[in-house]
**Student:** 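Below is the structure I would like to discuss, written out as structure tokens.
Keep in mind that the numbers below use all heavy atoms, side chains included, and drop hydrogens, waters and symmetry copies.
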Amino acid sequence: MNTRLSTAMAALSLSALALTGCGASTSTSTGTTSAPTTSAAPADLGTAKTSLGTTVVNGKGMSVYVFDKDVKDSGKSACTGACLSIWPAVTAGSGTPVVEGVTGKVGVITTDAGTRQVTLNGMPLYLYSKDTAPGEVKGQGFNKIWWVINPAGEKISTPAG
């Protein structure tokens, strides 16, 4: 019986190892105030200098945005369906997002799809699909309802460019 238990435990360990190879990075590195590290998990938040000043970015250095149609502390995202194909949610893994340089209150909500979306000061966070390089802010002011944010979690309403 001990052999069977040992075999089962070994198989379970190998399965867990194989699954972690297919998933997102579990690195706890975060971005810095000058340039985020590229090995950070996507859910991590840091800061970076952009054309709009110091803004919040995800662990890959991509600018994060808030959406004026979201309601602070509601626990829900107003961006659903086709909106998410243009403005994907900043998601978190199973743990608490690791942040560096961000002074606002970081949290997580559960979306209708069951994913964990990162929030800052009670506002869900998003990426913009047309930002293709770290530090880009192409979504800034889009339809006058999408905004990058500063490290305190306040939207920056200065137009891009």
Side-chain angles (χ1 to χ4, degrees), residues 22-161:
C22 295
S25 169
T26 57
S27 168
T28 56
S29 298
T30 61
T32 63
T33 54
S34 58
T37 61
T38 56
S39 62
D44 293 343
L45 296 179
T47 61
K49 294 204 183 284
T50 69
S51 61
L52 297 169
T54 301
T55 63
V56 177
V57 297
N58 74 357
K60 294 182 178 181
M62 302 305 288
S63 298
V64 301
Y65 298 83
V66 292
F67 182 35
D68 279 348
K69 291 187 179 185
D70 283 327
V71 177
K72 183 178 177 170
D73 295 321
S74 70
K76 294 209 169 269
S77 167
C79 181
T80 59
C83 175
L84 289 171
S85 66
I86 299 169
W87 299 94
V90 175
T91 58
S94 60
T96 302
V98 176
V99 299
E100 187 173 313
V102 177
T103 57
K105 183 180 178 188
V106 176
V108 176
I109 60 172
T110 302
T111 67
D112 292 340
T115 58
R116 294 167 31 92
Q117 184 171 8
V118 180
T119 63
L120 187 55
N121 292 345
M123 294 294 286
L125 300 179
Y126 306 88
L127 301 171
Y128 182 48
S129 61
K130 294 191 179 186
D131 284 346
T132 57
E136 288 185 344
V137 291
K138 293 177 183 174
Q140 175 66 359
F142 187 86
N143 283 346
K144 298 182 182 176
I145 54 176
W146 291 95
W147 312 99
V148 294
I149 49 179
N150 68 22
E154 300 160 339
K155 72 180 179 181
I156 298 172
S157 52
T158 306

**Student:** Look up atom SG in C79 and atom CD1 in I86, then write down how far apart they are to the nearest 0.5 Å.
**Tutor:** 8.0 Å
**Student:** State, with a plain yes or no, whether a side-chain heavy atom of M62 is found less than 4.5 Å away from one of V57.
**Tutor:** no
**Student:** Under a 3.5 Å distance rule, please check whether E154 uses its side chain to pair with a backbone N or O of I149 as donor and acceptor.
**Tutor:** no
**Student:** Can a salt bridge be assigned to the pair D68 and K155 using a cut-off of 4.0 Å between side-chain N and carboxylate O?
**Tutor:** yes
**Student:** Go through the structure and list residues passing ring-ring contact (aromatic ring centres under 6.0 Å, His included) with Y128, not counting sequence neighbours.
**Tutor:** W87, F142
**Student:** Can you tell me how far the CG atom of L127 sits from the CG atom of L84, to the nearest 0.5 Å?
**Tutor:** 11.0 Å
**Student:** Taking all heavy atoms of Q117 and all of T111, pick out the closest pair and write down the distance.
**Tutor:** OE1-CG2, 3.6 Å
**Student:** Within a strict 4.5 Å, meaning less than it, do heavy atoms of the D112 and K76 side chains meet?
**Tutor:** yes
**Student:** Does D70 reach the main-chain N or O of M123 with its side chain, forming a donor-acceptor pair under 3.5 Å?
**Tutor:** no
**Student:** Please check if the side chain of N121 supplies one atom and the backbone of A152 the other of a donor-acceptor pair under 3.5 Å.
**Tutor:** yes
**Student:** Backbone N or O of G114 within a donor-acceptor pair of the T110 side chain at under 3.5 Å?
**Tutor:** no
**Student:** Test your reading of the model: is there a side-chain donor-acceptor pair from S63 to the backbone of E136, 3.5 Å cut-off?
**Tutor:** yes
**Student:** Check whether any side-chain heavy atom of V102 sits under 4.5 Å from a side-chain heavy atom of T47, and report yes or no.
**Tutor:** yes
**Student:** Are any side-chain N or O atoms of N143 and backbone N or O atoms of I145, one a donor and one an acceptor, separated by less than 3.5 Å?
**Tutor:** no
**Student:** Any non-hydrogen side-chain atom of Q140 less than 4.5 Å from a side-chain atom of L52?
**Tutor:** yes
**Student:** Is there a donor-acceptor pair closer than 3.5 Å between any side-chain N or O of N150 and the backbone N or O of T55?
**Tutor:** no
**Student:** Using every non-hydrogen atom in the two residues, find where P97 and V118 come nearest and quote the distance to one decimal.
**Tutor:** CG-CG2, 4.0 Å
**Student:** Specify the closest pair of heavy atoms between V64 and N58, including all atoms of both residues, with the distance to one decimal.
**Tutor:** CG1-N, 3.8 Å
**Student:** Just so I know, are the side chains of R116 and T91 near enough to count as touching, which here means a heavy-atom distance under 4.5 Å?
**Tutor:** no
**Student:** With sequence neighbours left out, what residues match S77 under side chain to side chain donor-acceptor pair (under 3.5 Å)?
**Tutor:** Y126
**Student:** Quick check: Y65 with W146 (ring centres under 6.0 Å apart)?
**Tutor:** no
**Student:** Short question: side chain of T119, backbone of P124 - any donor-acceptor pair under 3.5 Å?
**Tutor:** no
